[in-house]
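Proteins come first, then strands; the chains are lettered A, B, ... in the order of their sequence lines, and each starts at number 1. Note that the structure is predicted; figures quoted are calculated from it, not measured.
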Number of protein chains: 2
Amino acid sequence: MARKQTAPASDRIPPPAPPGTRERLLAAAAAEFAARGFAGTRVDRIAAAARVNKAMIYYHFGSKAALYQEILGDMFQAVNANVRRVAAAADPPEEKLAQFVAAIAREAEARPHFPQIWFREIAEGGVHLGEPALGDMAGVVLTLGTILDQGVRSRRFRRTDPLLVHATIVAPLLLFFASAGVRRRLDRAGLSGAGGITRDAVVAHVQRITRSLVEGRV
Amino acid sequence: MARKQTAPASDRIPPPAPPGTRERLLAAAAAEFAARGFAGTRVDRIAAAARVNKAMIYYHFGSKAALYQEILGDMFQAVNANVRRVAAAADPPEEKLAQFVAAIAREAEARPHFPQIWFREIAEGGVHLGEPALGDMAGVVLTLGTILDQGVRSRRFRRTDPLLVHATIVAPLLLFFASAGVRRRLDRAGLSGAGGITRDAVVAHVQRITRSLVEGRV
DNA sequence: GTCTATAAATAGATAGAC
DNA sequence: GTCTATCTATTTATAGAC
């Protein structure tokens, strides 16, 4: 949990690009946790994938659980920070909404293991989510709420439930990014074309349904 | 994998309602697999929850993996069969589409652990999914495709990608049903009202966006 | 900071009596 | 069909040398 100091307290300059054992472990661990889940992940596999000695995990993070927490926290914090930036911009609400969708997609791609981990945490009831991560998750919905409010106040949007809009945006996007593996297998199982959907088509699709959802009387 | 015979071959009458060790195991296992995933599930916990001796799992199913397969297969087969029934009805396509949404929701409630397990399998890349389960998953999309086709042919729907429509329907629904635990925790983390959404509101919402998606020019 | 060797706990699975 | 006792492999984690 506690972040180890790599430089003496007297040195304010960030560590001069070390081999990055810690970073390599974080990246390898995210991939393993995403593909196999917390329980299914083996510490030895993380170490092997990072080409780092297993003991380093305990040196840097203390435990498998603490390592997982670190990854979870970073991910949800990044998403929250990104959508916050979108909402803070000086754009009309329609544009912010489209940017909100794009931000989720961008974050899912920047951290390719986020969608899977997110799905798993949902299934698990969020038992690994700490107070900060939970706050970040709530923050994303809250931020979407402010965008919707802006639209309602300026009489461009009808009043909608932020949680429903959130689900309409986030669930299909995450499903798309998390399901690359399954879609590839479905392609071979008789659903030709399942592997052929593009990221842009999905983002555009979600942007369209979102817009019609908040604008139309539907 | 192989289903055990509980009556001699000469007897065609189904077993006279035994205590149901097998059924108890299936129910307890579904709950455990949903909450903890395949790797996180402990065989001992399944046995304890079912109030059955652990050795019975191996007697009835052979292995933890085979037990999981059985549950997976049943779930996807049931969903597939249900949406097939919807598509085969003599309703107009608009009605079939609404019924398709309702069928997914109904199945998610009838087997309360289906949504979580489904999310986990997505995250896992479908590595536990056998040929039949994969076929059932593909079948659901294919069936949705026939409904959409019917609408297009009768000039009531515009042409849409079945996989996109499928994601728009299934992802928010499963998210809702799978996230009860997380929403309860979000409620306390500052997102008041997260726990208060009703099943009916979500189903109605998905039905509305689906309809506007296939009808409108959007 | 990094490594090897190993402790300590726990898991899935089976043997064999009843 | 059901149970107890146990085997074997695996897993997280640590001790201690370098």
Side-chain angles (χ1 to χ4, degrees), chain A residues 1-9 11 13-30 32-33 35-71 127-128, chain B residues 1-9 11 13-33 35-72 127-128:
Chain A
M1 213 83 209
R3 194 158 286 161
K4 294 291 195 305
Q5 214 50 37
T6 51
D11 187 1
I13 300 163
T21 297
R22 185 190 168 86
E23 283 65 36
R24 300 249 300 281
L25 281 172
L26 283 171
E32 289 294 320
F33 286 135
R36 301 162 197 277
F38 178 76
T41 290
R42 303 297 157 227
V43 179
D44 294 85
R45 282 188 66 98
I46 296 175
R51 283 173 308 162
V52 157
N53 189 279
K54 178 173 61 162
M56 286 295 90
I57 291 174
Y58 297 93
Y59 175 78
H60 280 288
F61 303 98
S63 72
K64 177 187 173 183
L67 170 56
Y68 187 58
Q69 299 281 349
E70 182 111 3
I71 291 170
V127 292
H128 298 110
Chain B
M1 214 83 210
R3 194 157 288 161
K4 293 290 194 304
Q5 213 55 33
T6 51
D11 187 0
I13 300 164
T21 296
R22 186 191 168 85
E23 283 66 35
R24 302 250 298 281
L25 281 172
L26 283 170
E32 290 295 321
F33 286 135
R36 301 165 197 276
F38 179 75
T41 290
R42 303 297 157 229
V43 179
D44 294 85
R45 281 188 67 97
I46 295 176
R51 283 173 308 160
V52 157
N53 189 280
K54 177 173 62 162
M56 287 293 91
I57 291 174
Y58 298 93
Y59 175 76
H60 280 290
F61 303 97
S63 72
K64 177 187 174 185
L67 170 56
Y68 186 57
Q69 299 280 350
E70 182 110 2
I71 291 170
L72 270 187
V127 291
H128 298 109

What is the separation between atom [atom1] on [X] and atom [atom2] on [N], rounded to the nearest whole Å?
X       : N      : atom1 : atom2 : result
A:Met56 : D:dA15 : CE    : P     : 15 Å
A:Lys64 : D:dT10 : NZ    : P     : 16 Å
A:Tyr59 : D:dG16 : OH    : C1'   : 15 Å
B:Glu32 : C:dG12 : CD    : P     : 11 Å
A:Leu25 : C:dT2  : CG    : C1'   : 12 Å
B:Phe33 : C:dG12 : CZ    : P     : 9 Å
B:His60 : D:dC3  : NE2   : C1'   : 13 Å
A:Leu67 : D:dT12 : CG    : P     : 12 Å

Set out, line by line, the N/O atom pairs under 3.5 Å between protein and nucleotides 4-6 of chain C.
residue, atom, partner, partner atom, Å
C:dT4, OP2, A:Asn53, ND2, 3.3

query = Would you say B:Lys64's side chain and B:Ile57's backbone share a donor-acceptor pair under 3.5 angstrom?
reply = no
Donor-acceptor contact below 3.5 Å, side chain A:Glu32 vs main chain A:Arg45: no
Between B:Asn53 and B:Tyr59, does the side-chain contact (heavy atoms from CB on, under 4.5 Å) criterion hold? Intermediate values first, please. CA-CA 10 Å; B:Asn53 189 280; B:Tyr59 175 76; over 6 Å; no
[X] [atom1] to [Y] [atom2] distance, which is reported to the nearest 0.5 Å:
X       : Y       : atom1 : atom2 : answer
A:Met56 : A:Leu25 : CE    : CG    : 8.5 Å
B:Arg42 : B:Lys54 : CZ    : NZ    : 12.0 Å
B:Glu23 : B:His60 : CD    : NE2   : 8.5 Å
A:Arg51 : A:Arg24 : CZ    : CZ    : 5.0 Å

Next item on the list: Give a yes/no answer on whether the side chain of B:Thr21 brings an N or O atom under 4.0 Å of OP1 or OP2 in D:dT2.
Entry: yes
Ranking C:dA13, D:dT2, D:dA13 by distance to the side chain of B:Tyr58, first place goes to C:dA13
So, with a heavy-atom separation below 4.0 Å from DNA chain D, the residues of residues 36-50 of chain B are none
- prompt: If we only count heavy atoms from C-beta on, is the A:Ile46 to A:Leu67 side-chain gap below 4.5 Å?
  reply: yes
Look at the aromatic rings of A:Phe33 and A:Phe38 and report parallel, tilted or perpendicular, splitting at 30° and 60°.
parallel
